[in-house]
Undergrad: 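Below is the structure I would like to discuss, written out as structure tokens.
Letters A, B, ... are given to chains in the order of the sequence lines, protein chains preceding strands, and every chain is numbered from 1.
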Amino acid sequence: MTKPKVGIFGLTGCAGCQLEILNLEEQVLNLLALIDVSYWRMAQELPADPTNLDIAFIEGSITNEEEIHEVKEIRENANLVITIGSCAGSGGVQGMRNIMDNDKVKAAAYKDLSGVRSVPVKGVDEVIKVDYKIRGCPINRDDFVSIVTSLLLGRQPHVWNSPVCNECSMQNNDCFFERTTETPIYRSNICLGPITEAGCGARCPSNGMPCDGCRGLTSDPHISQLVTEARKRGETTEKILMLAKRYSAGSSAVKKSFEEMR
Amino acid sequence: MATYHPLIAPVPNGEDFVFAEVKSSKEIAFSFDKTKKSLKEFLLKPEEVLMTASFTEGKAKPAPIDDTMKILFGARPCDITALELFDQVFSIDYDDPYYLSHRKNTIILGLNCLNLCKNGFCGITESFAPKKGYDIMFTELPGEKFLVESGSLTGEKLIHKSMNVEGVKEEDRIPIIQTFKSMNDNLSNEKSLAGISSIMALDHQALWDEYGEKCLACNLCTSVCPTCWCFTVHERIAVSADDLSDVTKTEKYRHWTSCLFKDYHTVSGGHVFNPTTASRLEFYYKHKFKGIPEKFGVLGCVGCGRCVSACPVGIDIRESLERLTNVEIDIYEPSESSESSESSESSDVITELRL
């Protein structure tokens with residue numbers, strides 16, 4: 001079996017997902033037995049060859065014209081395009097500027113605006129066809145390895161297709177959204193678990209934090225029900241939607257789901 | 001007892017109680033309302049490996065089943081009633097070796113409820129006095145004593161081996177009779193769910209639609225339910241290249257799932273049988289009150305009320321049953337004084353039991 005040629009690309013983002021791959025340490029070596037990394041700017045001294053790739057992994061969101069051009073080139077050069085992390089998948093946290101006043105955001109970040117050439121934040125699939133998305137902010141490294149191994153071996157990776165609550169309730173976690181005995185006191189007014197795709201092992205709720213929604217919407221999110229319930233608990237619709245869109249404001253599909261809800 | 005086999009018993013956890021392994025009887029919460037989750041997690045594990053194989057060479061083999069003997073103390077009558085259903089489900093068409101092994105290797109020590117618990121309605125589902133399914137049933141008597149009754153040969157042997165157990169004496173007559181009379185008065189209910197499976201065959205679309213508007217499809221109700229057994233099976237490939245040929249590293253495993261998920265109703269080709277939450281809730285209720293009684297001869301609900309406590313949006317199965325049957329279900333409000341705290345001496349009976 002010839003090893004598939006792989007490229008790992010970084011657009012706008014914190015590079016934390018690429019770092020997660022590097023953090024695999026000895027497992028990286030195992031992975032290298034299966035793949036031939038021909039392009040990975042973050043880990044190579046001299047970037048080699050970004051062409052004729054079998055798989056291109058893209059991290060980061062599209063935030064300017066150059067990146068639009070870059071992803072189109074990557075698509076032409078790769079058989080499979082896989083996004084890693086919520087930036088590439090749905091815009092990531094920087095996507096929040098799409099739902100804020102863009103001029104104010106720019107003015108807060110830069111003194112001199114003359115060199116700023118940003119476009120609204122986009123997930124990679126807004127511009128090119130994406131074959132698979134590895135979710136999370138950052139990605140879970142074990143999830144990454146198991147998905148990549150599955151794909152390399154020609155198997156369908158395990159897709160949960162169900163909310164974080166599925167994994168959360170399999171552990172002995174106290175539900176953040178549950179009504180406590182002393183109603184109407186809640187442990188939390190909002191937890192995004194019910195609308196977020198599982199696969200993280202319910203990491204945040206297991207460590208005492210409500211779900212943040214970093215893995216993006218599950219295939220069947222009940223957004224209006226979640227908003228209704230959180231509103232009953234005293235939250236404003238704006239706040240709930242802002243929270244729910246925190247990682248995915250760069251995705252038109254997510255935007256559409258929220259519009260359908262209204 | 002814990003010196004012979006691991007002992008699992010209810011322990012306090014915040015406002016609730018959970019089953020956990022205990023080392024001494026002092027850790028056990030004897031006066032617990034009910035555990036937040038049912039005992040099913042010890043018999044149908046949230047996740048369990050079924051078989052392993054080598055990815056490159058095949059050679060599939062069954063995964064070793066955890067068959068350590070355990071003692072589970074504090075099973076409530078509703079949970080024990082639910083086991084009657086589970087025992088059928090996991091052996092009716094073919095034997096499920098995983099469930100059956102855990103069941104065989106778990107000694108169930110029940111603890112009778114003397115009062116109705118929060119959100120419970122076991123009188124209506126007639127599940128407060130199971131006649132089988134347990135090895136020993138404990139009933140608290142006045143005067144820091146427990147009545148122990150065996151429900152199996154294992155339980156019988158266990159009682160005979162115990163040091164601190166005495167035969168019932170004449171002086172126990174009145175306390176025993178009074179305890180069971182009061183238990184019966186507190187728990188039984190003249191209302192019943194007679195005819196429920198026919199009622200479920202009728203159209204109740206308005207009710208399902210109403211619940212569908214509220215339900216988050218989060219599966220908390222199904223995960224705490226003692227009668228929900230649905231699971232899904234997946235494969236996990238060895239994550240490193242070195243392990244691909246290892247026959248223990250590539251696994252087929254199952255984990256809990258829920259009929260409230262879209263994934264549950266999705267078949268090959270992408271068709272979804274129950275696309276809306278309303279239709280999934282209809283499926284859920286119809287299974288519990290029509291499908292299960294018709295196939296297994298028992299109700300698919302044991303009235304524990306855990307789903308009522310768990311639901312984040314306040315869907316109440318008692319309210320649904322009232323609306324379906326037009327039979328009003330009393331809601332029990334526990335008063336402050338009704339909870340009597342146990343003294344530590346009462347646990348001596350338990351600690352002296354020997355296997």
Undergrad: OG/S223(B) to CG/N173(A) distance, rounded to the nearest 0.5 angstrom?
TA: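 Going from OG on S223(B) over to CG on N173(A), the span is 10.5 Å.
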Undergrad: Which pair of heavy atoms, one from A217(B) and one from P163(A), lies closest together, and at what distance?
TA: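 The answer is O-CG, 3.9 Å.
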Undergrad: Centres of the H234(B) and W160(A) rings: under 6.0 Å?
TA: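 Ring centres of W160(A) and H234(B) not closer than 6.0 Å.
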Undergrad: Report the residues that fulfil salt bridge (charged side-chain N to carboxylate O under 4.0 Å, His left out) with E213(B), sequence neighbours left out, ordered by chain and then residue number.
TA: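 None.
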Undergrad: Sort by residue number and list every member of residues 37-52 of chain B having a non-hydrogen atom under 4.5 Å from chain A.
TA: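 Under the 4.5 Å heavy-atom cut-off, K37(B), E41(B), P46(B), E47(B) qualify.
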Undergrad: Using the salt bridge (charged side-chain N to carboxylate O under 4.0 Å, His left out) rule, collect all pairs that involve residues 149-171 of chain A, keeping only residues at least two apart or in two chains.
TA: R155(A)-E235(B)
Undergrad: Which atom pair, heavy atoms only, marks the closest approach of C165(A) to N219(B)?
TA: O-ND2, 3.3 Å
Undergrad: Verify the neighbour count for atom CZ of R203(A): are there more than 12 heavy atoms of other residues, nucleotides or ligands below 6.0 Å?
TA: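 No - once you tally the heavy atoms of other residues, nucleotides and ligands closer than 6.0 Å, there are 12 at most.
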Undergrad: For residues D174(A) and K36(B), determine if any side-chain heavy atom of one lies less than 4.5 Å from a side-chain heavy atom of the other.
TA: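 D174(A) reaches K36(B) side chain to side chain.
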Undergrad: Roughly how far apart are L216(B) CG and Q225(A) CD, rounded to 0.5 Å?
TA: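 Nearest 0.5 Å value for the CG-CD distance: 6.5 Å.
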Undergrad: When rounded to the nearest 0.5 angstrom, what distance separates CG in L151(A) from CD1 in I237(B)?
TA: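 Rounded to the nearest 0.5 Å, the CG-CD1 separation comes to 9.0 Å.
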Undergrad: Between S169(A) and chain B, with a heavy-atom cut-off of 4.5 Å, which part of the residue counts as in contact: side chain, backbone, both or neither?
TA: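 For S169(A), backbone and side chain are both near chain B.
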Undergrad: Would you compute the distance between atom OG1 of T276(B) and atom NE2 of H222(A) and round it to the nearest 0.5 angstrom?
TA: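 Atom-to-atom, T276(B):OG1 and H222(A):NE2 are 9.0 Å apart.
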Undergrad: Looking at OG1 of T257(B) and CE of M170(A), how far apart are the two atoms once the value is rounded to the nearest 0.5 Å?
TA: 9.5 Å
Undergrad: In terms of heavy-atom contacts, does NZ of K255(A) have more than 12 from other residues, nucleotides or ligands at under 6.0 Å?
TA: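 It does not: K255(A) NZ has 12 such atoms or fewer within range.
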Undergrad: Within residues 259-271 of chain B, which positions have a heavy-atom distance to chain A below 4.5 Å?
TA: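 Listed by number, the contacting residues are F261(B), K262(B), D263(B).
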Undergrad: Contact part of T222(B) toward chain A, heavy-atom cut-off under 4.5 Å: side chain, backbone, both or neither?
TA: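 For T222(B), neither part sits under 4.5 Å from chain A.
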Undergrad: Could you tell me whether R231(A) atom CZ has more than 12 heavy atoms of other residues or ligands within 6.0 Å of it?
TA: no
Undergrad: Could you look at V313(B) and say if it's the side chain, the backbone, both or neither that has a heavy atom under 4.5 Å from chain A?
TA: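 V313(B) touches chain A through backbone and side-chain heavy atoms alike.
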Undergrad: Counting N and O atoms only, with roles assigned by atom type, does the side chain of N166(A) sit under 3.5 Å from a partner on the main chain of S258(B), one being a donor and the other an acceptor?
TA: no
Undergrad: Taking 4.0 angstrom as the limit, do D220(A) and R280(B) come out as a salt bridge?
TA: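 A salt bridge links D220(A) with R280(B).
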Undergrad: Would one find more than 12 heavy atoms of other residues, nucleotides or ligands at under 6.0 Å from atom CD of E57(B)?
TA: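 It does: E57(B) CD has more than 12 such atoms within range.
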Undergrad: Just how far is it from atom CD of E229(A) to atom SG of C215(B), taken to the nearest 0.5 Å?
TA: 11.0 Å
